[in-house]
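Report on one structure; see the data block that follows.
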Amino acid sequence: MKLKCIVLALFYSLFSWSQIKICSWNIENLGGSKSEKDISYMAQIVKDYDIVALQEVIVSDAGAQAVALLVETLNRKGNHWDYAISNPTSGNAYKAERYAFLWKPNKVKKIGDPFLEATYVEEIEREPFLGTFTYEGKEITLVNFHAKTKKLQPETEIKYFKFFPNLYPNKNLVFIGDFNCPQSHTVFFPLRKMGYESVFVNQKTSLRQKCIQNDCLASEYDNIFFNTKKFEVIDKGIIPFYLDFPEIQEARNISDHVPIWVILK
């Protein structure tokens with residue numbers, strides 16, 4: 001019986017290791033406007049994931065300092081974390097921002113340095129931030145992206161993602177972030193024809209200004225697109241952090257988006 005328990009424990013340990021837990025969060029204006037209390041709260045939200053992709057880190061030094069403080073805070077919660085932050089994106093200076101990746105080195109290994117993908121820098125306002133990691137000897141490349149706002153037609157830049165699988169034929173691409181566009185839009189059809197699917201369907205992720213009959217979510221913007229030939233979704237969800245606050249406006253001081261997460265096998 002004891003041997004059987006050991007074998008089962010080993011089996012479940014190995015099965016668990018074949019899965020990677022990824023979180024994505026557009027933390028609105030991550031920088032000096034976030035207090036240490038806010039940063040501590042964010043760390044509590046994301047601490048259980050292996051890789052975290054962040055969007056909307058502000059361009060000034062305060063953005064990099066906020067990411068560093070977030071990682072420092074995470075390091076005090078029982079696991080060692082590392083991080084990479086992008087240079088400012090190359091588009092409109094008023095709309096420029098940074099991206100960041102945070103990860104647990106004991107779970108995943110970074111391959112090379114994450115970089116802003118400049119092939120379509122003239123066509124994409126905030127060029128995506130690509131980071132490649134390995135887990136259990138297998139690679140995953142996250143394409144971290146924040147599209148321009150809906151009124152500026154984000155589909156006019158998202159359409160260039162259909163070229164990325166040919167640009168990186170040896171990479172297992174996962175498109176992740178805030179697309180300001182629902183997964184049902186026709187702009188995603190070319191990716192679907194290549195075998196990509198969205199993790200979320202009809203899942204709203206942005207916060208309303210005011211809740212309407214306890215409905216606090218507004219639009220279906222944040223998502224994760226994965227190649228079904230390479231990955232399997234084990235579990236997924238959003239983190240409705242706004243429920244921790246008595247008023248939606250207090251939650252919006254943290255962010256106007258909820259984090260999304262997925263466990264990929």
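Just so it is clear, the structure is predicted and the values come from calculations on it, not from any experiment.
Donor-acceptor pairing under 3.5 Å is recorded for the side chains of K77 and Q44. Of the N and O atoms on the side chains of T156 and K148, at least one donor lies less than 3.5 Å from an acceptor on the other residue. If you check the side chains of Q203 and E220, you find no donor sitting under 3.5 Å from an acceptor. For the residue pair E56 / Y99, no side-chain donor-acceptor distance below 3.5 Å is found, with atom types taken as modelled. No hydrogens or angles considered: a donor-acceptor pair under 3.5 Å links the side chains of S90 and E127. Using modelled atom types, one finds a donor on one side chain and an acceptor on the other under 3.5 Å when comparing H146 with E97.
To the nearest 0.5 angstrom, W25 atom CH2 is 9.5 Å from L30 atom CG.
With hydrogens and angles disregarded, a donor-acceptor distance shorter than 3.5 Å links the side chain of R98 to the backbone of V59. Without hydrogens or angle criteria, S219 side chain to Y221 main chain gives no donor-acceptor distance under 3.5 Å. In this structure a side-chain-to-backbone donor-acceptor pair under 3.5 Å is missing from N26 to H257. A donor-acceptor contact shorter than 3.5 Å links the side chain of T73 to the backbone of L69. K210 places no side-chain N or O within donor-acceptor distance of the main-chain N or O of I212, the cut-off being under 3.5 Å. Between the side chain of D82 and the backbone N or O of P105, no donor-acceptor pair lies under 3.5 Å. Looking at E197, its side chain never comes within 3.5 Å of a backbone N or O of F226 through a donor-acceptor pair. Not a single donor-acceptor pair under 3.5 Å links the side chain of K162 to the backbone N or O of P190. Although no hydrogens or angles enter the test, the distance criterion places a donor-acceptor pair under 3.5 Å between the side chain of K34 and the main chain of E28. Side-chain atoms of R208 come within 3.5 Å of backbone atoms of L217 as a donor-acceptor pair (strictly under, hydrogens ignored).
Grouping the Ile, Leu, Val, Met, Phe, Trp and Tyr side chains by contacts below 4.5 angstrom, directly or via other members, places V67 apart from I58. Neither V121 nor F163 shares a network with the other; the hydrophobic side chains, linked directly or stepwise wherever heavy atoms of I, L, V, M, F, W or Y lie under 4.5 Å apart, form separate groups for each. Criterion: ILVMFWY side-chain heavy atoms under 4.5 Å apart, direct or through other members. Under it, I263 and V201 are not part of a common hydrophobic cluster. Using a 4.5 Å cut-off between side-chain heavy atoms of Ile, Leu, Val, Met, Phe, Trp and Tyr, with links allowed through other members, F189 and L191 fall into different hydrophobic clusters. Put simply, I111 and V52 are part of two different groups of oily side chains (I, L, V, M, F, W, Y) that touch within less than 4.5 Å, one to the next.
Counting heavy atoms from C-beta outward, R192 and S198 have side chains that approach closer than 4.5 Å. Within the 4.5 Å cutoff, side-chain heavy atoms of I140 are placed close to those of Y135. Y83 has its side chain out of reach of L70: every pair of non-hydrogen atoms, C-beta onward, lies at least 4.5 Å apart. Residues I158 and F145 meet the side-chain proximity criterion, which asks for heavy atoms closer than 4.5 Å. Side-chain atoms of P128 and F161, non-hydrogen and from C-beta on, do get closer than 4.5 Å to each other. E232 places none of its side-chain heavy atoms less than 4.5 Å from the side chain of L264.
Sorted pairs that involve residues 106-155 and meet disulfide (SG to SG under 2.5 Å), not counting sequence neighbours, are lacking altogether. Counting only residues at least two apart or in different chains, disulfide (SG to SG under 2.5 Å) contacts with residues 215-265 comprise C211-C216.
Taking a 6.0 Å sphere around CG of D215, one finds it holds more than 12 heavy atoms contributed by other residues, nucleotides or ligands. Within 6.0 Å of CD in E250 there are more than 12 heavy atoms belonging to other residues, nucleotides or ligands.
Using a 4.0 Å cut-off between charged side-chain N and carboxylate O, E139 and K171 make a salt bridge. For K159 and E155, the salt-bridge test fails: no basic side-chain N is under 4.0 Å from an acidic carboxylate O.
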message = Apply side chain to side chain contact (heavy atoms under 4.5 Å, CB included) to residues L74 and V46 and explain how you reach the verdict.
response = CA-CA 9 Å; L74 283 166; V46 304; 4.0 Å; yes
inquiry  = Between F179 and F225, is the ring pair (Phe, Tyr, Trp, His ring centres under 6.0 Å) condition met? List the steps.
reply    = CA-CA 11 Å; F179 298 89; F225 292 83; 5.3 Å; yes
inquiry  = Run the side chain to side chain donor-acceptor pair (under 3.5 Å) test on E117 and Y168 for me, step by step, so that the C-alpha distance in whole Å, both residues' side-chain angles and the decisive distance to 0.1 Å come before the verdict.
reply    = CA-CA 11 Å; E117 214 299 325; Y168 298 97; 2.6 Å; yes
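Of the candidates N172, D113, T141, T141 is the only one forming a side-chain hydrogen bond (donor to acceptor under 3.5 Å, both in side chains) with T132.
A distance below 6.0 Å separates the ring centres of Y196 and F175.
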